[in-house]
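Heads up: the structure comes next, in C-alpha cells.
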Amino acid sequence: MGKKKSEVYSVEVNGIKDIETTDEGDGKEKYRGLKNHLGYKKEHQKEELKKELDLDDHKLSTKELEDKYGTNIIQGLTSTKAAEILAQDGPNALSPPKETSEIIKFLKQMVGGFSILLWAGAVLCWIAYGIQFSKDKSASLDNVFLGVVLALVVIFTGIFAYYQEAKSTNIIASFSKMIPRQALVIRDGEKREIPAEQLVVGDIVEIKGGDQIPADIRILASHGCKVDNSSLTGESEPQSRSCDFTHENPLETKNIGFYSTTCLEGTATGMVINTGDRTIIGRIASLASGVGNEKTPIAIEIEHFVHIVAGVAVSIGVIFFIIAVSMKYPVLESVIFLIGIIVANVPEGLLAAVTVSLSLTAKRMAKKNCLVKNLEAVETLGSTSIICSDKTGTLTQNRMTVAHLWFDNQIYQADTSEDQNAQIFDQSSATWASLSKIVTLCNRAEFRPGQESVPIMKKIVVGDASETALLKFSEVIMGDVMERRKRNRKVAEIPFNSTNKFQLSIHETEDPDDKRFLLVMKGAPERILEKCSTIMIHGQEQPLDESTAAAFQTAYMELGGLGERVLGFCHLYLPEDEFPDTYPFDVETMNFPTSDLCFVGLLSLIDPPRSTVPDAVTKCRSAGIKVIMVTGDHPITAKAIARSVGIISANSETVEDIAKRLNVPVEQVNKREAKAAVVNGMELKEMSPEQLDEVLINHTEIVFARTSPQQKLIIVEGCQRQDAVVAVTGDGVNDSPALKKADIGIAMGIAGSDAAKNAADMVLLDDNFASIVTGVEEGRLIFDNLKKTIAFTLTKNIAELCPFLIFIIAGVPLPIGTITILFIDLGTDIIPSIALAYEKAESDIMNRKPRHKKKDRLVNQQLALYSYLHIGILQSLGAFLAYFTVYAEQGFKPARLIFLRSEWEDDNINDLEDSYGQEWTRYQRKYLEWIGYTAFFVAIMVQQIADLIIRKTRRNSIFQQGLFRNKVVWVGIVSQIIIALILSFGFGSIAALNFTTLRVQYWFVAVPYAIVIWLYDELRKLLIRRYPGSWWDKNMYY
Amino acid sequence: MAALQEKKTCSQRMEEFRHYCWNPDTGQMLGRTLSKWVWISLYYVAFYVVMSGLFALAIYTLMWTIDPYTPDYQDQLKSPGVTLRPDVYGERGLQIFYNVSDNTSWKDLTQTLHTFLSAYSPEAQEENINCSSGQYFIQKEFHAPNHTKFSCKFTADMLQNCSGLTDHNFGFEEGKPCFIIKMNRIVNFLPSNNNTAPRVDCTFLEKDHKDFKPLEVDYYPSNGTFSLHYFPYYGKKAQPHYSNPLVAAKFLNIPKNKEVIIVCKIIAENVSFDNPHDPYEGKVEFKLKIQK
C-alpha cells in the first residue's frame, strides 16, 4: 500500500472562503502568530481550526447519538430522511476549488503588465484617426493600422502568456483525477452501495480494510480495525479504532474515523457525524484556501520593473507632449508623438521572453525531478533563505533499516545506504551466526511472491516496518531467507504485542542430527535481558554478570541516543529430552521456558538519511540557506538524523549539550553560545511569537520535533517574520496550510497526498531533498539570467526613444518608425533575449547568500542607469550615425536635416531641395525615410549583437565566460541577422512595413559603435573585478 | 505562496518618498549624498563629453568622405519629379479651380506665376551665360569664376505668351490659362542618351475624358522641350546660379464649368512616368475647372 489515496479537495487560489461553522465554543488553544497582517476573518477562521474540533460526538453514547442525528443504528436512516438531509447539507464532497474562470485569467493577461500602456497607445491611434477623419475624409489609414498592430501585439502576447500558464497548470492537473468512490451504507434496514457523495449525517456505514473512510464517522463497532491517519497527522503508524471513548480530544480518541484516511485492516461500523466541508479534512482544506495566495517574489520584481519602465514611458511621453505642444505642434501630432514614445519605451517582447525563460527553467527542473506548478515559483526557489523540511521521506529513505549491531560486547555499524551492498562488519563470529538465525527466524515478514527479478531493497514486503528491515537485512547478508525458514520449520509462535513487548517463535533446526527445538525471541532490549541468564560471547554462552549487563546498558544507551529503535535478541535450545519431537507447544499456556534464555545481541533500526542529503545540506549551508527540520518524530531521533545529515553540524551544540558538557543546569547556559537548538512541540506551544523569533534568529541550526501539523504553520510564519523566503516541504493533508503559507510549498511526489500537491507550488517527483538544492541552483541562475535578459532588452529602448525626441526637438525627418520598433522588440530581439536564459552561472552561485527580497531587486538603479544612460546612449549614437550616413550619402547632409521636418512631411511640396540642390518629390523623400528606418533598425540590431555578448556576464570578462559556451546565444545572433535580412530584402517591397533594401555598407556603419560598446563594458567589468567595493563597483555593477 | 508585500497606506508611501528625497540621518538626497551626486554627475559629464566627441569625430569623418559636388548615391533620384505652377492643392493633389468672370478667383494664381518667374528675370539670370547649342553642356573643369561651372540662362521671355510680360494674366482671364511645368533638378542627370531633348506632353487623362476632343495646347518654348544645354546639372556648389529650364503650356480648349483632369508628362528616354507609388515622377496631374 505504497499509495495513499486521499481526497482531492479544494485549494483555491485566492479569496477567503467563509467557513462560518456553527460551533461557537471557546478554543482551548489560543492561536498565536500572524495577528499582524491577517484580517479578522482569516484570523477567526484559523482560530476555528486551531481549537481543533469542538466535537463531542465521541463522548456520547450510542443512544445519545441516535437521538442527536435522528437515526437508528440497526436500520439506518430512511431514504426520505437521508434525501432531506442531503438537500439541506449538500453532497458529501469538498467544495471544488473556486477556480478563477478561464476568461478572467485570460483577461488578466490582456490587461496586465505593459498591456495597459499599449492599449492606451492603440486607442490614442484610433482617436487620432477619428479626429483626422472628421477633418479630412481622405486621412491616411496609418494610424488605424498602427493601432491594430498594437492591439494585436497585446492580444498575442496575452494569448502566449495565457497558453504558457495553462500548459504548466495542466502538468499538475493529471495528478488530481478524481475517482468516484462507493460507500456501503445501511438505509431502510438494508445494506446498499451508494456513491460516497450522497452520504449524509446520521448514515450508518460499514468499512473494511483497504477502504477510504467516506466521511467523519463515529465508530460504533469494530473488529481489529486499524487506520492510517498519516494524511491528517503526518504519522504513518497504524492506529487502532474501536468504539471506546479514549481521549478528550476528538483527534486522539479511538472512536472517531476521519474522512479520507484509510482503513488498513479489520472492519468497522460507524455513524456519519460530519460530511463534506465540515469534516476535519474539509476544514483544513478551507484553511489552506484561506491562506492567501499572494505574489511570488519574481512577480513582485517584474511588477516593480514594469512600474519603472511604465513610469519612464509615461513621464517622458508627457514631458515631450508638453514640449511638442509648446513648440506649436498641433495637438493631434503631439498625440502621435506620445504613441511613438510609449511604443519605444515599452519592451513589448520582454514579458514573453521572461515567461519562456521561466518555462525553460521549469522544464530543466522537471528533468531534475522538480515539477513546478507555478512558473514563477521557479525563481522563488532560488531566493529561498529558509527551508523547513520534513524528516520522513524527504531527508530519510522512509524505511526502517538496520543501522547498528551489538554482539560480542562490540558495536558494529551496518550499511544504511539505499542498496546496502557493503555490509562490512565482522561476520565470522559464531555469535553472529546465532544472531542471524534469530533475525531470520523470529520474523513474520515475508516477501510478496513473484518478485524474483526485483532487487532486494525494492521488493515489496508484507509486514511491519521493523520486521521488513530485519527481513531485508538478513536477505542481503545471508541470501534466501524463505528457504532458511523452510529448513527451520516453525512449530509455534507468539506475535509481538504491546503488553509482552516481545515476539517468540519455536523452530525445528535445520541440522537433521540435532533434534532439539530452537526457541528464538526478539523484543524490547530490557525485557529480553530480563529473560536471560546467559549471554553469548564469541559463540560461547557465559553467565550474565554485572559487567556484561553494564556493557549491555552502555550499548543500549548509546544506540538509543542515536535515535535508533533498539531490539534485543535471545535464543534457547530446548533440551531434547524435555521437549521431544512430538511435544505439543501451546502458546496460550506457554508450556515452554521463557526465562533463563541466552542473550545474543542487539540490533538497532533507524530510518536512515538518504545518502544524497548530507551533501545537499552542506550545499544549502554554503548557499546561505538555513535548513530547519520540522518533524513529528521524537526529539532524540530527530536530533540524530539532523546530526547525520548535517542540519546540526558536527561541532555545534544545543543548549542541552552545553549544559551536559559543563555539568550545569540548562538555565545557566548562555543561549547565544548554542548554535543549534532542538525545540520540542510542547515547548513551542508555550512560546510567544517573540520567543519563537528569538529562537529563529539566534540559532542557525534548528530542529523542531514532536510538532503538530498546525505548529508547522506557526513556524513558517515565524520565519516569514524574519523577511525570509521560506520553502516548506510536506506530504500530508495536514501540511497543506503550511505549504500554502510558505513562499514556496514543495510537495512530495511519491508520498505526498493530493491535497499537499494541490497546495504546493512545486512537486518533488523523487521525494528527495537533494532535488531541492538543484532547484535552488536553477532558481538563482534564472534570476541572474533574467537580469541579463532585462538589461539586454531595456538597452535598445533608448535607441528607439531618442529618434522621437530628436525628431520633436530638432525637427529632423523621423529616424525610425513605430512599426519598425515593433519589429525589433518582437522580431530580432526575442530569440536573443531568451538565449540569455541558457547562460551558465558566472561564479558559484551556490556560494553566495540568497538574495534579500527587499534589497536585491531584479531591476535595480544600476541596471536601469547602465542600460539606459550608458549602453543605451551609445547605441543611439551608433544608430544616429547610420541615419546621418544614409541621408548624407543620398544628398541630405546633417545640417540640412535640422528643422526640415515640416517641409519634409508636406505632401504638397514635390520639389524639396537637398544639400546638393537636387529636388525631391514627396514619395522620393518618403522612400528615403524608410531607408533611414531600415538603416536605423539595422544599426540597432548590430549593436544589440554587441549588447547580447556583453550581457552574457555581469562581472567576468566575456573571455572568462567563454564566447561559445552558450550556443543558444549564437543561435540568437544568427536569428537577429536572418530576421533583419528577411525584413530588409524579403519584405522590402511591402510599403506598409516601411522596410527597404539597404546598401551593403549601411549594414556596417554601426559596427564601430558595437565594438565601442563591447570595449566599454569590458572596461566596466575589469574595474569591477579590480576594485571591488569601490565607487565604480557600487555604481556600475547591476 | 504567501504574503510578501504588505499593503502600505498612502501616508506611509508619502513618508517614504519624503525620506527618499531628503534623508536627514544620512544626508542623502534622492538616494545619494551631495558629494556622491557630484561624483556621479562628474562621471556622466565626462562620459557624455567623450561620447559626444566620438560622435562628432564620426560625423566629421562621414562629412570628410562625402563629395561636396555630387551626392554619393542617387538611389531615389533615378527619374526626376515634375511640378506645376501655379500649385494649389486640394484634398488629393493639385486642383486649380477658378471663375473667369471673378478675377479675384485667379488673381492669386497669376500672382504665384509672377513670383515664380521673378527668379527668371534678366537681372536674376545675369550671372548665367547665353546658350544656344541644344547639346548637353558637359563641363569637366571649373572654368567659371570662383571655381564653379557655367549655367545657361533661362529667362521668362522664352515663355513668350506665357511669360507674363505680354499677357499679364497668363490667359486666365480668357479661359486659356498658362501653366508652367518644371522638371526637378538631379545632379548629373541626362534626360536621354541620344540628343533628343525632353518634351512636355499634356493631355486629358484618357480614361476620364473619352468624350472630349483632344486637348489643344500651345507649348512655350516651341515644341515644349527643355533644351539639352541646361543638362547636366552639376549641383549647387558647382552651379550656384543654375535655374531649372521651364516649359509653359497654354490650354486652349478647356471645357467650361466642368472639372477636367490633365496630365503633363515629360517624354524623354531617361524619364519614367509610370511609377505607381509616386504621382509626381516624370509627370504631373492636376484637376482644372474653369467656371464662366
Side-chain angles (χ1 to χ4, degrees), chain A residues 37 136-138 291-297 300 374 377 380 716 720 725-726 740-745 761 853 861 869-870 873-874 877 880-881 884-885 888-891 893-894 907-908 910-911 913-925 927-928 931 991 999 1008-1009 1012 1031 1035, chain B residues 1-7 31 36 39-40 43-44 47-48 51-52 54-55 58-59 62-63 65-66 68-77 80-84 87-89 91-94 182-187 189 233-237 239-240 242 244 275 277-281 284:
Chain A
H37 53 255
D136 175 1
K137 296 280 174 286
S138 63
V291 175
N293 203 357
E294 271 156 81
K295 287 186 183 113
T296 59
I300 291 169
N374 175 350
T380 315
V716 172
Q720 282 173 341
V725 176
V726 186
K740 200 84 186 171
K741 180 74 203 160
D743 296 293
I744 177 163
D761 306 293
K853 67 181 173 190
Q861 191 195 19
L869 295 184
H870 295 232
I873 294 288
L874 268 173
L877 291 178
F880 268 104
L881 181 62
F884 283 126
T885 306
E889 292 195 340
Q890 300 280 349
K893 294 179 187 170
D907 284 338
N908 298 343
N910 280 298
D911 50 358
E913 240 182 77
D914 67 10
S915 311
Y916 292 92
Q918 307 183 100
E919 289 167 320
W920 296 65
T921 67
R922 173 67 184 129
Y923 179 77
Q924 287 163 343
R925 297 194 305 266
Y927 199 85
L928 177 59
I931 298 181
R999 284 182 173 273
Y1009 268 90
V1012 168
W1031 176 88
N1035 282 288
Chain B
M1 292 291 150
L4 278 181
Q5 247 184 355
E6 290 109 271
K7 292 272 167 284
K36 291 252 171 69
W39 275 112
I40 197 132
Y43 180 77
Y44 274 94
F47 179 70
Y48 288 137
M51 286 306 129
S52 319
L54 218 59
F55 188 67
I59 294 290
L62 168 69
M63 297 320 287
T65 61
I66 280 174
Y69 291 99
T70 33
D72 291 12
Y73 305 111
Q74 292 170 307
D75 295 336
Q76 301 324 306
L77 301 177
V82 176
T83 53
L84 184 79
D87 47 350
V88 178
Y89 287 85
E91 268 189 17
R92 262 170 208 265
L94 289 158
K182 179 178 73 104
M183 194 162 82
N184 279 352
R185 293 190 294 256
I186 294 175
V187 171
F189 175 74
Y233 174 52
Y234 284 112
K236 209 181 196 169
K237 194 173 167 77
Q239 292 177 307
Y242 180 90
N244 302 30
N275 183 341
H277 300 294
D278 191 351
Y280 295 96
E281 186 182 313
V284 59

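Lettering of chains follows the sequences in order, A, B, ..., and the numbering in each one begins at 1.
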Next item on the list: Take A:T885 and A:F880 through the side chain to side chain contact (heavy atoms under 4.5 Å, CB included) test and state the conclusion after the steps.
Entry: CA-CA 8 Å; A:T885 306; A:F880 268 104; over 6 Å; no
Next item on the list: Flag the pair B:Y242 / B:Y233 as yes when their ring centroid distance falls below 6.0 Å, and as no otherwise.
Entry: yes
Checklist line | Interface residue of largest heavy-atom contact number with chain B, from A:T921, A:I931, A:V716, under 4.5 Å | finding: A:T921
Next item on the list: Flag the one option from A:Q924, A:E913, A:R922 with the top tally of heavy-atom pairs under 4.5 Å to chain B.
Entry: A:Q924
Item checked: Contacting moiety of A:R999, where chain B heavy atoms sit under 4.5 Å -> side chain
Next item on the list: Among B:K237, B:M183, B:Q239, B:M63, single out the residue with the greatest number of heavy-atom pairs under 4.5 Å to chain A.
Entry: B:M63
Item checked: Engaged part of A:L869 at the chain B interface, taking heavy atoms whose separation is under 4.5 Å -> both
Next item on the list: Determine the option with the most heavy-atom pairs under 4.5 angstrom with chain A, choosing from B:V82, B:L62, B:L77.
Entry: B:L77
Item checked: cation_pi(A:K893, A:F884) dist<6.0 Å, angle<=45 -> no
Checklist line | Contact winner vs chain B - A:N1035, A:D907, A:D914, heavy-atom pairs under 4.5 Å | finding: A:N1035
Note to self: What I'd like to find out is whether the side chain of B:Q74 reaches to under 4.5 Å of the side chain of B:I186, using heavy atoms alone.
What the structure shows: yes
Item checked: Which of B:Y234, B:W39, B:Y89 touches chain A most, by non-hydrogen pairs under 4.5 Å -> B:Y89
Note to self: With heavy-atom distances below 4.5 Å as the criterion, would you say the side chains of A:I873 and B:Y44 are in contact?
What the structure shows: no
Check: Where on B:F189 is there a heavy atom nearer than 4.5 Å to chain A: the side chain, the backbone, both, or neither?
Finding: neither
Check: Between B:T65, B:T83, B:N244, which has the largest tally of heavy atom pairs under 4.5 Å with chain A?
Finding: B:T83
Next item on the list: Could you verify whether a donor N or O on one side chain and an acceptor N or O on the other, from B:N184 and A:Q918, lie under 3.5 Å apart?
Entry: no
Notebook entry, point to check: Non-hydrogen atoms of chain A under 4.5 Å away: do they reach the side chain of B:N275, the backbone, both or neither?
Noted result: side chain
Notebook entry, point to check: Residues two or more places apart in sequence or in another chain: which of them pass side chain to side chain contact (heavy atoms under 4.5 Å, CB included) with B:L54?
Noted result: A:Y1009, A:V1012, B:M51
Item checked: Largest heavy-atom contact set with chain A, pairs under 4.5 Å, which of B:T70, B:V284, B:D87 -> B:T70
Next item on the list: Mind checking side chain to side chain contact (heavy atoms under 4.5 Å, CB included) for B:Y43 and listing every partner two or more places apart, or none if nothing turns up?
Entry: A:H870, A:Y1016, A:W1031, A:W1032, A:M1036, B:F47
